[in-house]
Amino acid sequence: MIESTTQLRKTALNSVHRRMGAKMVNFGGWDMPVEYSGIVSEHIATRTAAGLFDVSHMGEIELRGPQALDLAQFVTCNDAAKLTEGQAQYSGLMTSAGTFVDDLLVHKISGDHYFLCVNAGNQDNDFEYIRSAGRGRFNAQVENAGERYSQIAIQGPKALGIVRHFTPAPIAELKYYHFLFGEVAGVKALIARTGYTGEDGFELYFAPEHSEKLWNALLEAGAPEGLLPCGLGARNTLRLEAAMCLYGHEIDETTSVWEANLGWICKLGKGNFLGRDALLAQKEKGIGRILAGFEMQDRLIARDAYPVLASNGHKIGRVTSGSPAPFLKKNIGMAYVPVESNAPGTEIRIGVRSQEAPAKVVPLPFYKRSR
């Protein structure tokens, strides 16, 4: 049965969000909470205490079989062969032109089982892309497993203290970008020390029927610690402060890893993969543009897609993401600019409606938590 394109998909927590009075929006075809108490309060809570996020709209794709690793290596740019069991890595799903089909997390469950977390709006396309790339080439099965998982993220300096009340698993010993299988509040889960906020915390993957039980348990235990339920609005401002890329903004099928300042996830020496030749050629030739961070020099706010101008008024790029930074108390953004305009301190201007607002290129990330 073909679903109506106008019918929004819902996570298992949809009715909970509505009962809690969350402001709901259409996000990539999903009915999702954008805020509960307010983006600023939710952002600050995550930086100083903890935030609880329903990210069950994210996609999960599983690769199994004798050549599961070979398939993962072929379609992604990072080196999955370097992963140990229980380790995850950030990577890019590549086109043959060396640009992004998507960005994703690759988790090594075993030598013949890899678990991929992909972006919500791309999951069906990613699945078909990976399956097509592997068909007739690798002895591996590809499963679009999103319907078997809910995902809750708990992020912030108090996240560990809250979650450890609910699990006997040794999560305090879990290193960043590592995961284990255990129970949280009696719910079997993949517990990953990953996140999209720039803070410490965990992303929990589990069967959807346990969503309300786990959400309520974490919310109730965390409330005295200052934990707040958070929507996609705060998730976006948090990841922007941490200068984490968002598909459709900083990265897409027109941007390469070098341009996106993501060369650290591209391992040309690992062997053949989709886009390797194009990426090698681009690295040897050099790039003309690069992703840069900037701070506004007055009270005006740079928004997504606003033009970026050189000091002489010529357009040199556009804002990929821009907003106030609630924790830093600045107005910030990221944009693609010519390589020669990328040096910290370079003065640029942002077209804000009918005005040209002064801004300055700054190093990324804007925010980095103290360890």
Side-chain angles (χ1 to χ4, degrees), residues 11-25 27 32-58 149-172 174 176 179-180 182-187 189-206 208 210-242 244 325-329 367-371:
T11 74
L13 287 166
N14 186 271
S15 61
V16 175
H17 302 317
R18 292 192 167 276
R19 286 200 305 270
M20 292 177 67
K23 180 181 178 183
M24 306 295 286
V25 297
F27 181 80
M32 296 295 294
V34 68
E35 63 180 291
Y36 297 83
S37 55
I39 291 173
V40 172
S41 61
E42 293 164 24
H43 182 115
I44 298 299
T46 306
R47 287 272 180 261
T48 60
L52 190 65
F53 302 79
D54 175 18
V55 283
S56 303
H57 61 311
M58 300 292 283
Y149 293 98
S150 278
Q151 184 187 350
I152 289 175
I154 179 167
Q155 301 279 292
K158 294 186 179 180
L160 171 60
I162 294 166
V163 178
R164 70 193 307 180
H165 285 304
F166 293 101
T167 182
I171 60 170
L174 204 57
Y176 192 48
F179 66 93
L180 53 75
E183 289 193 358
V184 183
V187 176
L190 185 160
I191 306 167
R193 202 161 195 173
T194 52
Y196 193 51
T197 63
E199 295 300 328
D200 187 21
F202 300 90
E203 294 182 310
L204 312 174
Y205 302 83
F206 53 93
H210 305 300
S211 299
E212 195 163 341
K213 173 187 176 181
L214 192 48
W215 174 269
N216 289 339
L218 293 169
L219 198 60
E220 184 177 344
E225 302 291 328
L227 175 145
L228 289 180
C230 299
L232 297 180
R235 181 171 155 91
N236 186 53
T237 55
L238 287 158
R239 71 90 195 168
L240 178 55
E241 281 190 342
M244 293 177 167
F327 187 73
L328 299 176
K329 296 183 169 56
Y367 167 84
K368 194 169 186 177
R369 70 182 173 94
S370 55
R371 300 277 172 167

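Note that the numbering runs from 1 along the sequence shown for the chain. In what follows, every heavy atom counts, from backbone to side chain, and hydrogens, waters and symmetry copies are set aside.
The side chain to side chain contact (heavy atoms under 4.5 Å, CB included) check on Pro168 picks up nothing, with sequence neighbours excluded. Remark: Ser150 pairs with Ala12, Ser56, Phe206, Pro208, Ser211 by the side chain to side chain contact (heavy atoms under 4.5 Å, CB included) rule, at least two apart or across chains. Remark: Ser41 engages Ser37 in a side-chain hydrogen bond (donor to acceptor under 3.5 Å, both in side chains) (not counting sequence neighbours). In this structure Thr48 satisfies the side-chain hydrogen bond (donor to acceptor under 3.5 Å, both in side chains) test with no other residue, sequence neighbours excluded. Remark: Arg369 engages no residue in a salt bridge (charged side-chain N to carboxylate O under 4.0 Å, His left out) (not counting sequence neighbours). In this structure Glu183 satisfies the side chain to side chain contact (heavy atoms under 4.5 Å, CB included) test together with Lys188, sequence neighbours excluded. Legend: residues meeting side chain to side chain contact (heavy atoms under 4.5 Å, CB included) with Val55, ordered by chain and number and at least two apart, are Phe53, His57, Met58, Gln151, Ala153, Arg235. The ring-ring contact (aromatic ring centres under 6.0 Å, His included) test applied to Tyr196 returns no partner, not counting sequence neighbours.
For the atom pair Arg18 CZ and Leu13 CG, the distance stands at 13.0 Å (nearest 0.5 Å). The distance from the CG atom of Leu228 to the CG atom of Leu52 is 10.0 Å, given to the nearest 0.5 Å. In this structure, CG on Leu232 lies 8.5 Å from CG on Asp54, to the nearest 0.5 angstrom. Rounding to the nearest 0.5 angstrom, the gap separating the OG1 atom in Thr237 from the CD1 atom in Ile39 is 6.5 Å.
Within the structure, every pair that satisfies the ring-ring contact (aromatic ring centres under 6.0 Å, His included) test and touches residues 214-235, not counting sequence neighbours, is listed here: His17-Trp215. For residues 34-44, no residue pair satisfies the salt bridge (Lys or Arg N to Asp or Glu O under 4.0 Å) rule, not counting sequence neighbours.
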List the atom pairs, donor and acceptor, that lie under 3.5 Å between side-chain atoms in residues 216-223 and the rest of the protein, sequence neighbours left out.
residue: Asn216; atom: ND2; partner: Glu212; partner atom: O; Å: 3.3

Indicate every side-chain donor-acceptor pair of residues 197-204 with a distance under 3.5 Å to a residue at least two apart or in another chain.
residue: Thr197; atom: OG1; partner: Gln155; partner atom: OE1; Å: 2.8
residue: Thr197; atom: OG1; partner: Glu199; partner atom: N; Å: 3.1
residue: Glu199; atom: OE2; partner: Arg47; partner atom: NH1; Å: 2.9
residue: Glu199; atom: OE2; partner: Tyr367; partner atom: OH; Å: 2.6
residue: Asp200; atom: OD1; partner: Arg193; partner atom: NE; Å: 2.9
residue: Asp200; atom: OD2; partner: Arg193; partner atom: NH2; Å: 2.8
residue: Glu203; atom: OE1; partner: Thr194; partner atom: OG1; Å: 2.6

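Between Thr46 and Gly51, the shortest heavy-atom contact is OG1-CA, 3.5 Å. Closest approach of Pro229 to Tyr36, counting heavy atoms only: O-CD1, 3.3 Å.
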**Prompt:** Stepwise, does the side chain to side chain contact (heavy atoms under 4.5 Å, CB included) test hold for Val40 with Ile44?
**Reply:** CA-CA 6 Å; Val40 172; Ile44 298 299; 4.3 Å; yes
**Request:** Starting from the C-alpha separation in whole Å, work towards a yes-or-no answer on side chain to side chain contact (heavy atoms under 4.5 Å, CB included) for Leu328 and Glu241.
**Result:** CA-CA 8 Å; Leu328 299 176; Glu241 281 190 342; 3.7 Å; yes
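Listed for the Lys23 side chain is no donor-acceptor partner under 3.5 Å among the backbone atoms of Gly231.
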